[in-house]
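Okay, structure first, notes after.
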Number of protein chains: 4
Amino acid sequence: MITELRRLKNRARRDATRQRLIEVAKKIFAEKGYHNTIVSDIVKGAGVGQGTFYRNFKDKRDIFENLLNELTEKLLSSFSDMSSELPQNSNEYREASIRAIKRMINIVVANKELVKIYIKEAITVDKELENKIYEFQIRFAQLAKYYLDHAIEKGFARRCNSDIVSKSIVGLGFSLLNMWLGGIIKEEDVDDIITEVIDFAFFGLVGSVNPKGVEL
Amino acid sequence: MITELRRLKNRARRDATRQRLIEVAKKIFAEKGYHNTIVSDIVKGAGVGQGTFYRNFKDKRDIFENLLNELTEKLLSSFSDMSSELPQNSNEYREASIRAIKRMINIVVANKELVKIYIKEAITVDKELENKIYEFQIRFAQLAKYYLDHAIEKGFARRCNSDIVSKSIVGLGFSLLNMWLGGIIKEEDVDDIITEVIDFAFFGLVGSVNPKGVEL
Amino acid sequence: MITELRRLKNRARRDATRQRLIEVAKKIFAEKGYHNTIVSDIVKGAGVGQGTFYRNFKDKRDIFENLLNELTEKLLSSFSDMSSELPQNSNEYREASIRAIKRMINIVVANKELVKIYIKEAITVDKELENKIYEFQIRFAQLAKYYLDHAIEKGFARRCNSDIVSKSIVGLGFSLLNMWLGGIIKEEDVDDIITEVIDFAFFGLVGSVNPKGVEL
Amino acid sequence: MITELRRLKNRARRDATRQRLIEVAKKIFAEKGYHNTIVSDIVKGAGVGQGTFYRNFKDKRDIFENLLNELTEKLLSSFSDMSSELPQNSNEYREASIRAIKRMINIVVANKELVKIYIKEAITVDKELENKIYEFQIRFAQLAKYYLDHAIEKGFARRCNSDIVSKSIVGLGFSLLNMWLGGIIKEEDVDDIITEVIDFAFFGLVGSVNPKGVEL
DNA sequence: GATGAATGAGAATTCATTCAT
DNA sequence: GATGAATGAATTCTCATTCAT
């Protein structure tokens, strides 16, 4: 039926507009920050009418939350398949961590703008989004704790308050991300950075003389 | 002379007003965030006229920057005396770190609101303040690096990319602070948290079986 | 010919759509009032596209005027046959009035929504509709005056300024309608209300001891 | 103290501005109707800045409600002293009614614009104001009923459903007011109109041959 | 110097209306 | 002819800033 085809085409047109708005918003939010962006910036950037924005989103916060959810889904889905096999020794643990971090970093690199928004801006919008971000961090920490507890139990991780330590790990990660996004850490060789950070996380400042890749 | 007395009184009154504005701004910024605070919130809170605000500060950003500087000075002055003697072994390094952290935490606890503003809000105001915060973090990282390099040289710290690692340490600290301010880490026993985090920083996830306080 | 058939079908479809829009508009105007209704309310209610509305009506006011005319025609046509025979005594006058009112009430009950719109909303749209409503009231008053003048002449109504009095009667009627629509007068027994009001109109507050149905 | 004087002057200035806005709003609402008035009409008319309006009133509805309350208070206060002595016979009842009506009319004439708004516009703003108006009408009807019940008891008014009849009386009054404001009833001699309407209310269409001023 | 009323520029938002499909 | 996405003019509303007292 014609009406069905029409509906599809309309839907496609609208989705395209919506997507254009989202892309533009992402770019501008990352550039100028959430608070310094006004709706008409986005509208102008997308080349649509002011009303079109409000047809698609309730307000600035709404499109922002959409962006947030977009990244959240990407990150979570990337970890949905991870929990399959638990590491059986320190080395496997280390390798698994590196793999996880690399996967994360790929997503981060592919969504640099989103991540910047995510980490810097979202917590200053309002309490609701602030909590959303915190809950997300907590989920990460819980995942880290799951692996850490396992490692402690199996004896290849130091006995410790795994709650605090896993939160430390996640915080460490977010911080470095933030520094990298903020330009404090210059890009250089990402792999080197990962190795350094992993070594720090596994062996601390003191550690052994030549810990790299060596099982203790 | 009366005029002189008058002038003094005026100045005292003005300073008091200014101080009250600063105190109130601190409280409100911490509560509602920089962007969700309007000048009239501060003015109402301080019980002064709208014009009085503009007599004391150029605009909202100006009073905010004042708050920022307040904390920066407090933190820096607290570290001005620290660099006296360098640790001579792992244990001294550890003890010195704990002392430094505790000193920091005291300042943080005494200025919880300021710290919250500092960490959460300042980077979203504009590029200038963003950089100011980053530079401050870099200074901290440099201080950490100074000690770390010393420890590596002396042989009681693992050889590593001390630039990345010291930034990691600072990031770790800021993150945990953030989590604590955000309520992700419940207050409980701060000393326990410090020990845990220090152990993590010194011995990593793997570490030795019972590292607490034991020199390797 | 197919084209002819097509044209007929199209017309039928269009008429149906138009009618649906009118029905929905009636309902929504009555519910939310003219000013608090937006075109898209009507369009959504009717399940048609926004453009379809403008294909059938010039604008919101246009569809509103259509509703108005609908009721006007109904009311006027209901009175076109009434003026046949004039009452010859007070009792006939009274009976005729009751009949007229009941006929009116039937129309009103059958078109409650329209009447509500008519009485409440129409006068606030613009001067033109305001006048239209007033002219309609005047026509009613003239009709009432015609009967009243006749009754005065024949001697079974009190000599009075029939212009003012007939306007009073019409006003009374509209007011009670309004109160009923507004819920000030609860529905109870409509016949009772009619009798009471007719008695009030015929005999006033003072009247005779037991005027009901009794010719003075 | 200087501050006290200042406060007084400020208050006076603000009140003057507020009052100017109210006066202008009254005029414009009466002219163009509530719905066809925009805030900037009022602002321009009052010669103040747009912000000044919002300093004094929440929105258009708010200033409108203020106008409404203004009239309500005027009308109610005019009746607060009325309930003193109850009429002892038909003639006193009639005289009291005439006095009441005249008092009302004086207020109405002095607040023609307000009354027009009151009767025509208020019920179309929203449910809340609609109810407010209805409740006001009910209060009037209750007052009328109080006198009517007394008259029936004393035997100088016809036994009737005083609830319906008093509502009829109030409705009659409001209607005529409306007609007069709408220009359906030309102003001529107000006293004549009052006499006619009172006669109609007391003696109905039928009444006695020469009821004016004569006690039955 | 302090005040707070007034301001108006600019941002958000709505909604009647158009128009490509 | 029907549709509903897109539009932007018009309106509301906010809030930093000024300025008369």
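First the proteins, then the strands, lettered A, B, ... as listed; each starts at 1.
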Pairs under 3.5 angstrom only: tabulate donor-acceptor contacts from the side chains of residues 37-53 of chain A to other protein residues two or more places apart or in another chain.
from  : atom 1 : to    : atom 2 : distance (Å)
A/T37 : OG1    : A/G33 : O      : 2.7
A/D41 : OD2    : A/K32 : NZ     : 3.0
A/D41 : OD2    : A/I38 : N      : 3.0

Test of understanding: with side-chain hydrogen bond (donor to acceptor under 3.5 Å, both in side chains), list the residues that count as partners of [X], not counting sequence neighbours.
X      : result
B/N69  : B/K132
A/D126 : A/R61
A/R18  : A/N66

### Task
Report the nucleotide, chosen from F/dA2, E/dA12, E/dT3, that has the shortest atom-to-atom distance to any side-chain atom of B/V48.
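Looking only at heavy atoms from C-beta outward on B/V48, the closest nucleotide is E/dT3.
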To the nearest Å, how far apart are [X] [atom1] and [N] [atom2]?
X     : N      : atom1 : atom2 : value
C/I38 : F/dT11 : CD1   : P     : 16 Å
B/K44 : F/dC15 : NZ    : C1'   : 11 Å
B/H35 : E/dA11 : NE2   : C1'   : 16 Å
A/R7  : F/dA5  : CZ    : P     : 11 Å
D/R11 : E/dT3  : CZ    : P     : 17 Å
A/I63 : E/dA12 : CD1   : P     : 12 Å
B/R18 : E/dG1  : CZ    : P     : 14 Å
D/R61 : F/dT12 : CZ    : P     : 16 Å

### Query
Do the rings of D/F29 and D/F64 sit parallel, tilted or perpendicular, given the 30° and 60° boundaries?
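Aromatic pair D/F29/D/F64 classed perpendicular.
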Just the table, please: protein N/O against nucleotides 17-21 of chain E N/O, every pair under 3.5 Å.
from   : atom 1 : to    : atom 2 : distance (Å)
E/dT17 : OP2    : C/Y54 : OH     : 3.3
E/dT17 : O4     : C/Q50 : NE2    : 3.3
E/dT21 : O2     : A/R6  : NH1    : 3.4
E/dT21 : O2     : A/R6  : NH2    : 3.0

#### Entry: Toward the 5' end of DNA chain E, by each residue's nearest nucleotide, D/A16 or B/T17
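Per heavy-atom nearest nucleotide, the more 5' residue is B/T17.
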### Query
Does A/Y118 have any ring-ring contact (aromatic ring centres under 6.0 Å, His included) partners at least two apart in sequence or in another chain, and if so, which?
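So A/Y118 forms a ring-ring contact (aromatic ring centres under 6.0 Å, His included) with A/F136.
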### Task
Tell me, please, which residues at least two apart from D/R55 pass side chain to side chain contact (heavy atoms under 4.5 Å, CB included).
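Scan of D/R55 (side chain to side chain contact (heavy atoms under 4.5 Å, CB included), adjacent residues dropped) gives D/R14.
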### Task
Return the set of residues passing side chain to side chain contact (heavy atoms under 4.5 Å, CB included) with D/E31 (not counting sequence neighbours), or none when no residue passes.
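In terms of side chain to side chain contact (heavy atoms under 4.5 Å, CB included), with neighbours along the sequence ignored, D/E31 is linked to D/K27.
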### Message
Determine whether B/K120 and A/E130 satisfy the following criterion, salt bridge (charged side-chain N to carboxylate O under 4.0 Å, His left out), listing intermediate values before the conclusion.
### Response
CA-CA 10 Å; B/K120 267 179 57 179; A/E130 195 182 348; 2.8 Å; yes
### Message
Looking at D/S40, I'd like to know whether one of its side-chain N or O atoms comes within less than 4.0 Å of OP1 or OP2 on F/dT11.
### Response
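Result: no.
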### Message
If you compare every side-chain N and O of C/T52 against the phosphate oxygens of F/dT3 (OP1, OP2), does one of them come in below 4.0 Å?
### Response
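For F/dT3, OP1/OP2 do have a side-chain N/O of C/T52 under 4.0 Å.
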### Query
How would you label the contact of B/V43 with the nucleic acid (heavy atoms, under 4.0 Å): base, sugar-phosphate, or nothing?
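No contact.
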#### Entry: Nucleotide-level pairing of DNA chain F, given in dot-bracket where Watson-Crick and G-U pairs need both distances under 3.5 Å and | marks other strands
.||||||||||||||||||||
### Message
On DNA chain F, compare the nucleotides closest to C/N56 and A/R20; which residue's is nearer the 5' end?
### Response
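Result of the comparison: C/N56.
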